[in-house]
Amino acid sequence: MARVHTGESATARAVRIVESFGLGDSTLTVSEIARRSGLHIATASRLIEELVGCGWLERENRRVRIGVRLWEVASRASAAVGLRETAMPFMEDLHAVVGQHTQLAVLEGDEVLFIERLSAAGAAINYSRIAGRLPVHASSSGLVLLAYGPVELQERVMSQPMKVYTDKTIRNARQLRSALAEVRRQGYAFCPGHIYPETTGIAVPIRDAQGTVIAAVALIVPNDDSAYAQIPALQAVGRGISRVMASHIHPG
């Protein structure tokens, strides 16, 4: 693989181009991609054309979008596909009963990555989106994944500055350590007003055949007295998904 004088491979530069697309970006100009990727515009333009030729990017007039081919390969290869397919029937049933945001998340680096979300008109306000990320300390899904995650990850998160969304957001190592212990004790995370004052995030773990927590399923509901009442149903969904994941058999 050809390398630039900095030692960076062409593959690494191509990854930087693809990762220039943020969550809300349907299209970008070549100049925007060059600026976000930190590449010279001529280099970015050449690599974009190569990626267009592969089907990983597509041209739309003077703008560029993620190509269908890249989406196809990523969807087929991702381990999250099996998890999503297993979880969806359970999530759909829960969503039909509760009528609020129901979402599925995994740990990606030091962040929560949301791989599925079911919504409804009039549902509570929700910060997360499919393929969106949140800090692990701030969300109910993140607390579940962190509580059962590696100690090294927990210590790393505790040593870093924590983004604050509201006056209820966990903001220091002492609060986070206490919250993680509470999640492990009760088996779920309950986060009233941690990201929006008006909403409560509730999450439970999903486990594989070895009992390892591999994901979290969550509800985002109004921050009122009825929030606690949703916990048993969410726990039942978490157990159901875990049971199927452990058996390696997809429902339906």
Nearest heavy atoms of [X] and [Y], plus distance in Å:
X	Y	result
P205	G187	CD-O, 3.4 Å
Q160	R156	CG-O, 3.2 Å
A218	S140	CB-OG, 4.1 Å
Q210	D208	N-OD1, 3.0 Å
R59	V30	NH1-CG2, 3.6 Å
A138	I195	O-CG1, 3.6 Å

Output the distance between atom [atom1] ([X]) and atom [atom2] ([Y]), rounded to the nearest 0.5 Å.
X	Y	atom1	atom2	result
L47	I33	CG	CD1	10.5 Å
L107	L146	CG	CG	7.5 Å
M88	D93	CE	CG	10.5 Å
I241	I214	CD1	CD1	9.5 Å
Q235	I231	CD	CD1	6.5 Å
Q175	K168	CD	NZ	10.5 Å

Would you check if the side chain of [X] reaches a backbone N or O of [Y] as a donor-acceptor pair within less than 3.5 Å?
X	Y	answer
S20	I17	yes
D224	S226	yes
S139	L134	no
S178	R174	no
T169	T166	yes
Q103	L118	no
T86	G82	yes

> Do the numbers put R207 on top of the ring of Y148, so that NZ or CZ is under 6.0 Å from the six-membered ring centre and no more than 45° off the axis?
Replying inline: yes

Going only through I, L, V, M, F, W and Y residues with side-chain contacts under 4.5 Å, is there a path from [X] to [Y]?
X	Y	value
L180	V164	no
L39	V52	yes
I41	V18	yes

> With sequence neighbours left out, what residues match E108 under salt bridge (charged side-chain N to carboxylate O under 4.0 Å, His left out)?
Replying inline: none

> Who pairs with R177 by salt bridge (charged side-chain N to carboxylate O under 4.0 Å, His left out), at least two apart in sequence or on another chain?
Replying inline: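 Counting only residues at least two positions away or on another chain, R177 forms a salt bridge (charged side-chain N to carboxylate O under 4.0 Å, His left out) with E155.
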
> When you check the gap from the basic side-chain N to the acidic O, do E60 and R63 get nearer than 4.0 Å?
Replying inline: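 Between R63 and E60 there is no salt bridge, as every charged N stays at least 4.0 Å from the carboxylate O atoms.
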
Beyond-backbone contact of [X] with [Y], side-chain heavy atoms, under 4.5 angstrom:
X	Y	answer
K163	R171	no
L28	R36	yes
H101	L219	no
Q230	V98	yes
F114	R133	no
L94	L234	yes
E58	I66	no
I202	C191	no

>> side-chain contact (heavy atoms from CB on, under 4.5 Å), that's the test. Do L57 and I48 meet it? Break it down for me.
In response: CA-CA 7 Å; L57 296 178; I48 287 169; 4.2 Å; yes

> Could you go step by step and tell me if V64 and F21 meet the side-chain contact (heavy atoms from CB on, under 4.5 Å) rule?
Replying inline: CA-CA 10 Å; V64 182; F21 289 84; 4.1 Å; yes

> Do you see a donor-acceptor pair shorter than 3.5 Å between the side chains of T200 and N223?
Replying inline: yes

> Using a distance-only test with no angle check, is there a side-chain donor-acceptor pair under 3.5 angstrom linking R117 and S119?
Replying inline: yes

> Yes or no on side-chain contact (heavy atoms from CB on, under 4.5 Å) for L104 and L83, after CA distance, side-chain angles and deciding distance?
Replying inline: CA-CA 9 Å; L104 183 66; L83 171 62; 4.0 Å; yes

> Stepwise, does the side-chain contact (heavy atoms from CB on, under 4.5 Å) test hold for L176 with N172?
Replying inline: CA-CA 6 Å; L176 183 55; N172 58 53; over 6 Å; no

> What do the steps show when you test E19 against R16 for salt bridge (Lys or Arg N to Asp or Glu O under 4.0 Å), and what is the final call?
Replying inline: CA-CA 5 Å; E19 292 186 344; R16 286 164 63 185; over 6 Å; no

>> Holding to ring pair (Phe, Tyr, Trp, His ring centres under 6.0 Å), I want the full list of residues that pass it with F190, two or more places apart in sequence or in another chain.
In response: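 For F190, the residues satisfying ring pair (Phe, Tyr, Trp, His ring centres under 6.0 Å) (neighbours in sequence not counted) are Y228.
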
